[in-house]
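All values reported here derive from a predicted model rather than from experimental measurement.
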Number of protein chains: 2
Amino acid sequence: MTAPRTRGPRERMVFAAAQLIRRDGVGATGMRDVAARAEAPRGSLQHYFPGGKEQLVNEAVTWAGHYAGKRVARYLAALPEPTPGALFAAMTRQWIDEFEAAGFGTGCPVAAATVDSTASTPSAREATATAFAAWAAPLTEALTTLDVPPARAPALATLMISTLEGAILLARAQESTAPLVTVAAELAPLLDSAATR
Amino acid sequence: MTAPRTRGPRERMVFAAAQLIRRDGVGATGMRDVAARAEAPRGSLQHYFPGGKEQLVNEAVTWAGHYAGKRVARYLAALPEPTPGALFAAMTRQWIDEFEAAGFGTGCPVAAATVDSTASTPSAREATATAFAAWAAPLTEALTTLDVPPARAPALATLMISTLEGAILLARAQESTAPLVTVAAELAPLLDSAATR
DNA sequence: TCAGTATTATGACGGATGTCATAGATCGCA
DNA sequence: TGCGATCTATGACATCCGTCATAATACTGA
């Protein structure tokens, strides 16, 4: 939950930026706040991120995308009954648990960056695109492992990510995990029926 | 696309706020920008919205929710083959057309408000919740009209809104309508199979 | 020890923002 | 015509932000 005190101040600042972005959005996240949250000196900001806020935000978004991608493999390995629907349920479960434990104050940093700064800086948009790609790729691979035809897997990965992101939005808006529970239940049959076994 | 010059300056400002919010996010939308966009005098802001930016944003979000809700009935009436899947296709089609016509610079204002100011002001969160509710209610009703069992309709409405919102995010991130096309195609069989006829 | 680099500290600047105070204009209605 | 309420105009204020300039400090290797 909190930033690991190990690792250099640079990584801590990227992590802290992601945390603040997913809670307050890009615009409301200040550089000074990031440094404070990371327990890093303010002067280090211009040293490690000469590209300014834009660079810091982009790195945070990219980091979040890779983080989400890595979790897919962990979910897959931990599934008692490995099916696409169960994988999606695990992904939603993660958010349900987090919302129940920490409240609905925080969402997905990639979504925040997409909504907040897609129109402004082109590099930010690219960062969100690569972040989603870094999430979708392992997910697609996982689906093929679960006997989803390779031709179908990318589409289902897009469907899963879209639905999950939207359900996160709804959950935060109405401060309820119900949307996550609902979409997990409704999508499971469709996802499982795509597995050719 | 542009604000109708009829209607009072108050409505024009709410409309302009929604437009700017869905493009730049809540934080990056300035009161002065809203007045300029609405071709309304700056002094009218404090007259019509004594609650300040918070009130203006909340009204814009609420307005957007009702607007989305009203469109559902129009989609339903215009369907050549009235099925749940076709209704969802019409909803995605609307966004595809808009992205192709105006580019990927603008998204959903309710999503922007959810991501941007859920954590900060409680009233903003309530506004997003009511906005989504004002969208989901007509959608649920439309689904029952399409022979979806009343017990199932709310869940499918949640699924449709979630998936659409997420697909909008992905589309903006990768500047492609592909996610919208994909989710429409993938979800259609599931939605249609829920209609008991 | 010393030089050179890496890191940190701190203050200032220009710009933008939301809000307020105050005055002016406009319009309906008697 | 004149009054009162509704609307508009405009400037100022305090605040915060990202960025930069500049200097001090810490660390590394010879």
Tell me the interatomic distance from [X], atom [atom1], to [N], atom [atom2], rounded to whole angstroms.
| X | N | atom1 | atom2 | value |
| --- | --- | --- | --- | --- |
| A:Q55 | D:dG18 | CD | P | 15 Å |
| B:L45 | C:dT17 | CG | C1' | 13 Å |
| A:E54 | D:dC17 | CD | P | 19 Å |
| B:L56 | C:dT17 | CG | C1' | 14 Å |
| A:M31 | C:dT8 | CE | P | 15 Å |
| A:D33 | D:dC16 | CG | C1' | 10 Å |
| A:R32 | C:dA12 | CZ | P | 13 Å |
| B:H47 | C:dA21 | NE2 | P | 16 Å |

Any side-chain N or O of A:S44 below 4.0 angstrom from OP1/OP2 of C:dT8?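 So the side-chain polar atoms of A:S44 do come within 4.0 Å of the phosphate oxygens OP1 or OP2 of C:dT8, strictly under.
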Is a side-chain donor or acceptor of A:T163 paired with a backbone partner of A:M160 at a separation under 3.5 angstrom?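 Answer holds: no.
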Does A:A178 offer a backbone N or O that forms a donor-acceptor pair with the side chain of A:T182 under 3.5 Å?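 Yes; judged by distance alone, with no hydrogens or angles, the pair exists.
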Output yes when [X] and [Y] qualify as a salt bridge under the 4.0 Å nitrogen-oxygen rule, no when they do not.
| X | Y | result |
| --- | --- | --- |
| B:E175 | A:R125 | yes |
| A:R93 | A:E100 | no |
| A:R22 | A:E98 | yes |

Of all the nucleotides listed (D:dT8, C:dT19, C:dT8), which has the minimum atom distance to the side chain of B:K53?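 When the side chain of B:K53 is considered, C:dT19 is the closest of D:dT8, C:dT19, C:dT8.
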What's the closest nucleotide to the side chain of A:Y48 if the choices are C:dG18, D:dT8, C:dT8?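 Nearest to the side chain of A:Y48 among the choices is C:dT8.
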Pick the nucleotide of DNA chain D nearest each of A:G51 and B:P9; which residue has the one closer to the 5' end?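 The residue whose closest nucleotide sits nearer the 5' end is B:P9.
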Assign each of A:R42 and B:A40 to its nearest nucleotide of DNA chain D by heavy atoms, then name whichever residue's nucleotide is nearer the 5' end.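 Nearest nucleotide further toward 5': that of B:A40.
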Tell me the closest heavy-atom pair linking B:Q55 and B:Y48, and the distance in Å.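 Residues B:Q55 and B:Y48, closest heavy atoms: NE2-O, 3.9 Å.
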Do any pairs count as a side-chain hydrogen bond (donor to acceptor under 3.5 Å, both in side chains) and have a residue in residues 131-153 of chain A, sequence neighbours left out, and if so which ones?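 Found A:D147-A:R197, A:R152-B:E186.
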Any chance you could list the contact pattern along nucleotides 22-28 of chain C? Use B for base contacts, S for sugar-phosphate-only contacts and - for none, protein heavy atoms under 4.0 Å, 5' to 3'. -------
